[in-house]
Every structure is written in C-alpha cells, then in structure tokens.
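Positions are given from 1, in the same order as the sequence printed here.
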Amino acid sequence: MADRQLSTGRVGRMGRIGAVAAGHAARTAGTRAANLVRGEEQGSVALGRQHIETAERIVTVLGTMKGAAMKIGQTFSVLDIGMVPEEYREEFQRKLATLQASAEPAPFRDIKRVVEQDLGEKLEREFADFSREPIAAASIGQVHRATLKDGRDVAVKVQYPGIREAVRADLQNLGIILKLLARISPGLDTREIADEIRTRIAEELDYELEAQNQRAMARRYREHPFVYVPDPVTELCRERMIVSEFVPGDRFDAILDRSEEERSRFGEILMRFYVNGPFRHRLLNGDPHPGNSLFMAGGRVGFIDFGFFKTLTVEELDVQRALLQAVYAHDAERLFEISHEQGIVSQGGEAQVAQLMRLYRTLCGWFMEDREVTITPDIATQAIIEQGNMRRGGFGEIRLPADQVVAARAYMLVLAILGQLAATNNWFRIGREELFGDEPLTELGRAEADWLAVAA
C-alpha cells in the first residue's frame, strides 16, 4: 500500500466496500443456515467467529480508504455492540480499536509534496528535522514529528494528497458503508451518523479553521492542572497542514491495563473536559475520540484534534442548561415545555412527555444518579441503542438544534470511552458543578476550582 495512490473514484471505492458487505452477508447467511443443525452454543460460537472475521475486513478496508469511510469506522470503534457473544467481545473490540489511532500511512514523498506546496518553499527551510515515518495516521491526514529551526519539538499534521476527492466519493457511498455497519449493530442510528458526517466533513478538511479552534482551546486551558492543549505554531499552519507543540504521552489502548484508580481518574478528566468544559468556555469539541487523547507523565491528559468543533452562543448554553436541570429534577413537564418552545418536539400527550424524559435520561442518565457508578461497556451499549430507538419514538419527529446534536453525540461517545475504561465516580456530583454551581467534592475538582479562581 505504501506506493499505491489513494483511490478517489466513487466506483472503485464503492466496490471495495461492497465486497466486504457482500462477503459478510454471504457468511452470515451460511452461518445461520448451519446453525439450524448445530446446537445453540455451537451456533453462538460460529456467529461470534464470523463477526470477528468481519471486523478484520472492516479494519482492513476502512483503514486503507481513509476519508469519510475511515471516520465512520473510528466512530464505530468506540462502541461495544451486544451482537457478539460475551467471550468474543474483547477480541472484537481489539480488532476495531486499531482504527482509533491509526490508518495506513501515505508515502513520505507525497506528504512532503503537500507541505512544500502549502509553505511555498522547501521543507528544509522551516524544519531542522522532519521524521519520514508518521507517529499517527487517521481519517484525513497523518502526523509527523519534527523540529523547527529554533529547536522547538513539534507535531505536523498533513492532509493526505487527494483526500478531498476521496471524501466526496465516500459521501456518495455513505449508504452502503452504513448498511454494512448496521448489519453488525442494528441499534445504531445510521441516519444521524450520515447527517453528522455530511455536515461536518467540510469543516474538518479546513486545517486553518481547525488551527483557530485549537488556539482558542489552548488559551482557555493555559496552565490547567490536568488538561493540556498544545499551542499551534500559527505562522506555519495552512489549509492542509497544522504545526503545533509536540505532546508526549501514551495512547488510549496503552492505559487500559492500568489500575482502576488511574482509569477512573482519567475518566473524570475526560468528563470535565468534554461535558463540563463547554458550559464554562462555550467551546464544544464534538469528537471525544480515544485517539484524540494523550495520557502524559504526571497524570495530565493532552487533547488534540479540533476539527469537529462549535462555538456556542449564550442562548444555546442557557437552553442546554435548562434542559439538563429539568432532567436532574425529574421535571418532565418543564422538559417538554422547553423542548416544545425550541421546536425540538412538535406534539405530545402525557405518555409522550414521559417518553421524552426517558430519551434525555438515556443520553445523560449516567451522570444523573447521586452515587458512585462504574460505567461498563454494557451500560454504554444499551444507552446508545436505546437512544437510537427513542429517537424513532411516538411524539412526532424530534428536531434537535445543531448544538444539541453535537452535544448529544459528545455525551454518547464520552460514555462509550468511560465504558472501555470501566471508570468509577459520582458523575452526578461532577456534572452539578457546572449546572448548579455546586462545590467540587473530588481532588481534581478542587484543583480545577483553584485554577479557575486564579485564571479569572
């Protein structure tokens, strides 16, 4: 693959996806037919193995294709869908987890060409050293470690050559990609995933915009006790490349074997950054992806990748806060009143009002109980599946505003990540700090409060 051109044609890319889909359908049909003459236990084992094989093929195809197809695979990789028998789930997730932090890299000569085209000069004029091998490769670009002429250690994210054309082809093929994933996970709301990708992919392709987002977030978290956002090197950022401070740290899969205490601490940091943070600084990062966190020495977490981003208005935050306060209070009437005023729902009687409360508690219920809760993969999976089912409920079409679509996605992905960490905390009390102004009860909360007092 290293010397192969990135496929940008719709037909060629669709054919590769279609081959996986067809193979999966044929093997599933064959397995189920064979199960008619097998015992229940043998049939479950055969189906589990078949899904592992499918996961391998998904990883191979999506990891090679990059673009929007890879983005879908990365989103899917944080879920733990219950179709696979318990004894195969860990292996199933391990196959998909390779999509979290890496894709098959592009040749260095192609990356160098993009850098030099965007800079308008030779790479050696700006960089004292530039690694030929990437340190990470993802959906639309890859990251190389480099050293500037002034000695600063930096990370350079560069878009793959031809990625814009490939993304356009993927968006045309979005239906067949999602149909393949829906066969393994029928509870996924594939329409919502499709809408999200179509809406946000153009912004993610604009690295100059992402650099602005990162700079805004880095300012907000300057000198934070446990969150680190690297500064971009503004003068070197371009439409297809971002240069920023290098962040040393372990990837997500490297911390999964750490102690329960460490994993729970990391889980609290993720919640404070992705869930509490936007209520404080109005900057919403809608991509809580495991590959976007680096676990640093000393216990800090570095956050990278700010392409999926939204600056919230005061009014939007006021609505989100009022909705969550109603959910905390179990006030279904108030929840429905706000939702109706905002055009989120158009109709509903007593049963529908109760059902709407169920929907919001599905989205946020994991931080709505005043007790310590260990988030397990099963809790996360059930919430994600039920949320998809509830969206098709009986109270008229739900029309979530853009900021709530992004927030709901962020809550679900944070929940999925906490499930992989098996993190334990009183998430209820952490959430109340921003929603109601409660005093923090954890060590991290008190450290953050001290920092906020100085930063103010």
Side-chain angles (χ1 to χ4, degrees), residues 189 192 267-268 270-280 282 284 286 288 310 312-373 375 379-416 418-419 425-438 440-441 445:
D189 188 341
E192 182 176 319
E268 181 177 345
L270 294 174
M271 180 180 177
R272 290 184 177 279
F273 182 78
Y274 286 118
V275 180
N276 281 17
F279 285 100
R280 183 166 59 246
R282 296 197 296 113
L284 176 60
K310 180 176 173 60
L312 299 168
T313 67
V314 173
E315 292 74 21
E316 287 171 335
L317 270 181
D318 285 345
V319 170
Q320 282 194 26
R321 193 185 304 272
L323 286 167
L324 288 175
Q325 287 173 346
V327 177
Y328 263 87
H330 292 269
D331 190 343
E333 294 293 341
R334 176 59 178 155
L335 177 65
F336 186 84
E337 178 186 349
I338 300 168
S339 300
H340 193 269
E341 287 175 356
Q342 297 297 315
I344 297 171
V345 293
S346 58
Q347 63 189 44
E350 184 177 341
Q352 284 74 31
V353 170
Q355 199 170 23
L356 184 64
M357 175 62 79
R358 279 187 58 213
L359 170 59
Y360 275 92
R361 290 193 68 82
T362 295
L363 287 170
C364 313
W366 55 280
F367 58 89
M368 293 290 176
E369 296 184 45
D370 190 7
R371 62 183 180 88
E372 283 203 344
V373 175
I375 308 296
I379 289 175
T381 296
Q382 189 55 43
I384 292 164
I385 291 176
E386 187 174 342
Q387 185 261 348
N389 293 337
M390 289 292 294
R391 286 290 303 277
R392 296 180 286 273
F395 38 87
E397 184 177 1
I398 297 179
R399 297 180 181 275
L400 288 178
D403 62 292
Q404 289 199 46
V405 171
V406 177
R409 176 189 188 273
Y411 294 163
M412 286 291 95
L413 289 179
V414 169
L415 178 60
L418 295 180
N425 216 311
N426 188 322
W427 313 105
F428 175 90
R429 291 294 173 182
I430 298 170
R432 287 188 61 92
E433 291 174 27
E434 289 301 326
L435 289 177
F436 296 95
D438 287 6
L441 299 180

Do the rings of Tyr328 and Phe436 sit parallel, tilted or perpendicular, given the 30° and 60° boundaries?
perpendicular
Carboxylate-amine/guanidinium contact Arg272 Glu268, below 4.0 Å:
yes
Within a strict 4.5 Å, meaning less than it, do heavy atoms of the Val275 and Trp427 side chains meet?
no
Heavy-atom closest contact (Gly267 atom, Leu418 atom, distance):
CA-CD2, 3.4 Å
If we ignore hydrogens and angles and just use 3.5 Å, is the side chain of Arg321 paired with the main-chain N or O of Glu434 as donor and acceptor?
yes
Using side-chain heavy atoms (C-beta onward) and a distance below 4.5 Å, is Gln325 in contact with Arg334?
no
Nearest-0.5 Å distance, CG of residue Leu284 to OH of residue Tyr274
10.5 Å
I need the minimum non-hydrogen distance between His330 and Met357, along with the two atoms involved.
C-CE, 3.6 Å
Value for CE (Met368) from CZ (Arg432), rounded to nearest 0.5 Å, stands at 10.0 Å
Considering all heavy atoms, the nearest Ile430-Met271 contact:
CG2-SD, 4.0 Å
Closest contact, heavy atoms only, Pro278 versus Leu312:
CB-CD1, 4.4 Å
CG on Leu324 to OH on Tyr411, rounded to 0.5 Å:
5.0 Å
Does the side chain of Glu337 come within less than 4.5 Å of Glu333's, by heavy atoms?
no
Using 0.5 Å steps for rounding, measure from the CZ atom of Phe428 to the CG atom of Asp438.
8.0 Å
Worked verdict on Val414 versus Trp366 for side chain to side chain contact (heavy atoms under 4.5 Å, CB included)
CA-CA 11 Å; Val414 169; Trp366 55 280; 3.8 Å; yes
Atom pair CZ/NZ of Arg282 and Lys310 - distance to nearest 0.5 Å
11.0 Å
Could you give the distance from CG (Asp318) to CG (Leu323), rounded to the nearest 0.5 Å?
11.0 Å
